[in-house]
Amino acid sequence: MKKLLSTIILCGVFMGMHAQSYSSPNGKLSAQIMSLDKKLVINYNKKKVVELADIQFGQLTFVKKVKDDYQMLEGKRLHCTNKANEYQASIGTNAKIVMRLYDDGIAFRYEYAGLQNSKAPAEQTSYIIPEGTKRWMLQWSDGYEGFFPMTTTANVKTLGGFGSSMTTKELNTHWGYPLLMEPADGVFALITEANIERRQSASSLFNKGEYFNVVQDQNDLLLSGDWHTPWRVVIIGKLADIVQSTLVTDVSEPSQLADTKWIKPGVVSWIYWANNHGSNDFNIIKKYVDMAVTLKLPYVLIDAEWDEMDKVASNEGKTIEDAVAYAIAKGIKPLIWYNSSIGWVNGAPGPKYRLNKPEDREKEFAWCEKLGVAGVKIDFFSGDNQMNMDYCMDLLESAARHHLLVNFHGAPIPRGWQRTYPNLLSTEGVYGAEWYNNVPHFTKKAASHNATLPFTRNVIGPMDYTPCAFSDSQHPHITSLAHELALTVLYESGLQHLADHPESFLAQPKDVQDFLGQLPTVWDETRFVCGYPGESAVLARRSGNTWYVAGINGTDDPKILMTDLRFIGKKWKKAKLFADDASGQWQISAITKLPSQVNCQPRGGFLLTISK
């Protein structure tokens, strides 16, 4: 009996040395350090969902309880709260890992002290994604423009998208954030990063088989003093937890702007899509301004090539100053486009080289402010390196000094700057409607791709997809009218650019035009209703006392989308449903009872507005 008791005690001691456990505030998430295997295992409701390899630290020490309560100017919700338990462990001399367990995920970063003229320390983070695990991965490119097809293996060829071949024979090993996976039935994990600061590059994932390694992009700085990496973030839970999470902004630095009253999100009349060209034609600009007036949109974007306006004979000497003045006189706030001049430069449109030097940037933005320009769209960046990251922050800070909104286009994905720099209202970083202009293969893949983005790219921040194209551009599309309208709510963006011709928008039923004129781009609350990546997506967003429920079918077959809307309650006054009929035409109706399901046409959709 004594021998048996001794064996039990020794086993208990051994197990304690083998795995220490730590938990989130509500206990749903727990972490275990498997010291013998050098692994960190993250569990959700006692199921293993995420595993990190080559852990270089031992037992974690509890540091503090984290509580945060903050306001956003745009995003999934305006009022955000979160709780976490923070732990830390030494990883060598003057270095440590700080790990936070939130109720909806994990965030960790590496912190270093006393660096002396050193390069950024190499990182050891490696996620293990076993073969057979469902995952939705984005092939990396400078502008994060590509598809997220579902696969169960890391051994896949390039997946198509900007700068990639559709016929390559080589396996891809370089992946961009976010990466979504389903490690257990109905349990998901989304890998990304957050809170890029000065002296940091962003990172991406390189895989060797099942091991996905975090690799920091180029950073040539020699660092002295204290330095840390951005937060490595994994959002974990049911699909509702993924979609509704604000973890990317939760771990990002708050804004230091004292005055943000001038920052006004809104819907934008956008020229480029329909014309596959910039905005050097004064008469076309007038059409889009006039459309904004008719639809009651607050903004118009004057796109690339406006610096050549005076060279176009039909403009009769009109310049950008005249175009801006025309918009302002009509009550429409103009945004104008710039080339960042660090990505695509040779052969690219202008204006160029006006923002690169600090003195030129200040002069240009002061001119914009004086002219009455409300914001700038800055395009063609060149990836995740430290110089790009610092340049973006320079642009945001300078723009804020001159009360200019910012939209980054042809740029890396959001990593929390929407909280730190609230004048950043949108970022492209997505394979969006613009691609109807460029390649034919978007046409067939768009419906499934559209139904994947709410669970991947749009989870991490505002997304300038430029939705709502009822007509065709250079290549046709086969998504329905209601599908296209639903995208304006399904996709979150502080500046929501409407694609399509003025003639197309103005030919739509009055109900559709009225909806676009009242479309919010700021949401008090967001709820996941139903869906599955690539198949369908239904989200509900609330603005004030009105709920907007948007759903799309990502498949080529008819589909019933379930709409459990009991959370809205019974105290509502009126509701309107925008849907498709079997012939592909609008089916718009006032309804007296909230539906429990909606029948969707192939690649169709619906939009429901509910006023309380």
Problem - Arg566 atom CZ, over 12 foreign heavy atoms within 6.0 Å - result: no
Practice task
First locate atom OG1 of Thr466, then atom NE2 of His497, and finally report the distance between them rounded to the nearest 0.5 Å.
Solution key: 8.5 Å
Problem - Between Tyr532 and Glu182: side-chain donor-acceptor atoms closer than 3.5 Å - result: yes
Exercise for the section: Give, for atom CD1 of Ile42 and atom OH of Tyr127, the distance between the pair rounded to the nearest 0.5 Å. Expected result: 9.5 Å
Problem - Criterion side chain to side chain contact (heavy atoms under 4.5 Å, CB included) on His228 and Asp226, from CA distance to verdict - result: CA-CA 7 Å; His228 57 260; Asp226 297 343; over 6 Å; no
Exercise for the section: First locate atom CZ of Arg135, then atom CE of Met150, and finally report the distance between them rounded to the nearest 0.5 Å. Expected result: 10.0 Å
Exercise for the section: Decide whether His79 and Asp524 meet the rule of one side-chain donor and one side-chain acceptor closer than 3.5 Å. Expected result: no
Problem - Min side-chain heavy-atom separation Glu145-Glu428 under 4.5 Å - result: yes
Problem - Under 3.5 Å side-chain donor-acceptor pair for Asn388 and Ser382 - result: yes
Exercise for the section: Verify, without hydrogens or angle tests, whether Arg542 (side chain) and Gly544 (backbone) share a donor-acceptor contact under 3.5 angstrom. Expected result: yes
Exercise for the section: Kindly check if the number of other-residue, nucleotide or ligand heavy atoms within 6.0 Å of CD (Glu131) is above 12? Expected result: yes
Exercise for the section: Report yes if some heavy atom in the side chain of Thr521 is under 4.5 Å from a heavy atom in the side chain of Glu74; otherwise report no. Expected result: no
Exercise for the section: Answer with yes or no whether the side chains of Tyr144 and Asp384 bring together a donor and an acceptor at under 3.5 Å. Expected result: yes
Handout entry: Exceeds 12 heavy-atom contacts within 6.0 angstrom, atom NZ of Lys38
Key = no
Problem - Asp259/Lys261 salt bridge by N-O under 4.0 Å criterion - result: no
Problem - Pair Asp241 + Lys28, salt bridge at N-O below 4.0 Å - result: no
Problem - Minimum heavy-atom distance Leu60-Met99, with the two atoms named - result: CD1-CE, 3.1 Å
Exercise for the section: Would you mind reporting whether Ser340 and Tyr391 have side-chain heavy atoms less than 4.5 Å apart? Expected result: yes
Exercise for the section: Work out which heavy atom in Asn195 is nearest to a heavy atom in Ser252; give both atom names and the distance. Expected result: OD1-CA, 3.5 Å
Problem - Pairing of Asp104 and Lys83 as salt bridge, 4.0 angstrom limit - result: no
Exercise for the section: Taking the side chain as every heavy atom from C-beta outward, state whether Phe188 and Ile235 have any atom pair closer than 4.5 Å. Expected result: no
Practice task
Would you indicate whether the side-chain heavy atoms of Phe148 and Pro533 approach each other to under 4.5 Å?
Solution key: no
Problem - Candidate list Ile378, Leu404, Val406, test side-chain contact (heavy atoms from CB on, under 4.5 Å), partner Leu396, passing option - result: Val406
Practice task
Evaluate the ring planes of Trp175 and Phe212, with Trp represented by its six-membered ring, and classify them as parallel (under 30°), tilted (30 to 60°) or perpendicular (over 60°).
Solution key: tilted
Handout entry: Working for side chain to side chain contact (heavy atoms under 4.5 Å, CB included), residues Met387 and Asp220
Key = CA-CA 9 Å; Met387 291 183 64; Asp220 294 329; 5.6 Å; no
Exercise for the section: Describe, in one word, how the ring planes of Phe408 and Trp417 are oriented to each other, choosing from parallel (under 30°), tilted (30 to 60°) and perpendicular (over 60°). Expected result: perpendicular
Handout entry: Note, Phe528 side chain near Phe455 side chain (heavy atom, < 4.5 Å)
Key = yes
Problem - side chain to side chain contact (heavy atoms under 4.5 Å, CB included) evaluation trace for Gln200 with Glu193 - result: CA-CA 12 Å; Gln200 298 174 349; Glu193 69 177 345; over 6 Å; no
Problem - Which atom of Pro454 lies closest to which atom of Ala537, heavy atoms considered - result: CG-CB, 3.9 Å
Fill in the blank from the handout: The reported gap from OH in Tyr491 to CD1 in Ile552 (rounded to nearest 0.5 angstrom) is 5.0 Å
Exercise for the section: May I ask you to say whether Glu111 pairs ionically with Arg109, meaning some side-chain N is under 4.0 Å from a carboxylate O? Expected result: yes
Handout entry: Salt-bridge criterion met for Arg100 and Glu86 (N-O under 4.0 Å)
Key = yes
Exercise for the section: Kindly compute the distance separating CG (Leu138) from CG (Leu180), expressed to the nearest 0.5 Å. Expected result: 12.0 Å
Exercise for the section: Would you tell me whether Thr526 and Arg541 have side-chain atoms, one donor and one acceptor, within less than 3.5 Å of each other? Expected result: yes
Exercise for the section: Compare every heavy atom of Ala451 with every heavy atom of Gly554, then report the nearest pair and how far apart it is. Expected result: CA-CB, 4.0 Å
Handout entry: 4.5 Å side-chain heavy-atom contact, Trp262 and Leu405
Key = yes
Problem - Distance-only polar pair, side chains of Tyr177 and Ser203, donor-acceptor under 3.5 Å - result: yes
Exercise for the section: Side-chain contact test, heavy atoms from C-beta onward, threshold under 4.5 Å: evaluate it for Lys48 versus Pro183 and give yes or no. Expected result: no
Problem - Ser21 and Ser30 side chains, donor-acceptor separation under 3.5 Å - result: no
Practice task
Assess whether atom CG of Asp69 is packed by more than 12 heavy atoms of other residues, nucleotides or ligands within 6.0 Å.
Solution key: yes
Exercise for the section: Of all the heavy-atom pairs spanning Ala189 and Ile236, show the shortest one and how long it is. Expected result: CB-CG1, 4.3 Å
Completion exercise
Between Asn423 and Ala400, the two heavy atoms sitting closest are ND2-N, 3.5 Å
Practice task
Please assess Tyr70 against Thr246 for the test side chain to side chain contact (heavy atoms under 4.5 Å, CB included), listing each intermediate value before the final yes or no.
Solution key: CA-CA 11 Å; Tyr70 62 96; Thr246 59; 4.0 Å; yes
Problem - Trp523-Tyr548 aromatic ring centre distance below 6.0 Å - result: yes
Exercise for the section: Look at the aromatic rings of Phe147 and His449 and report parallel, tilted or perpendicular, splitting at 30° and 60°. Expected result: perpendicular
Handout entry: Pairwise distance CG(Leu52) to CD(Gln124) - rounded to 0.5 angstrom
Key = 12.0 Å
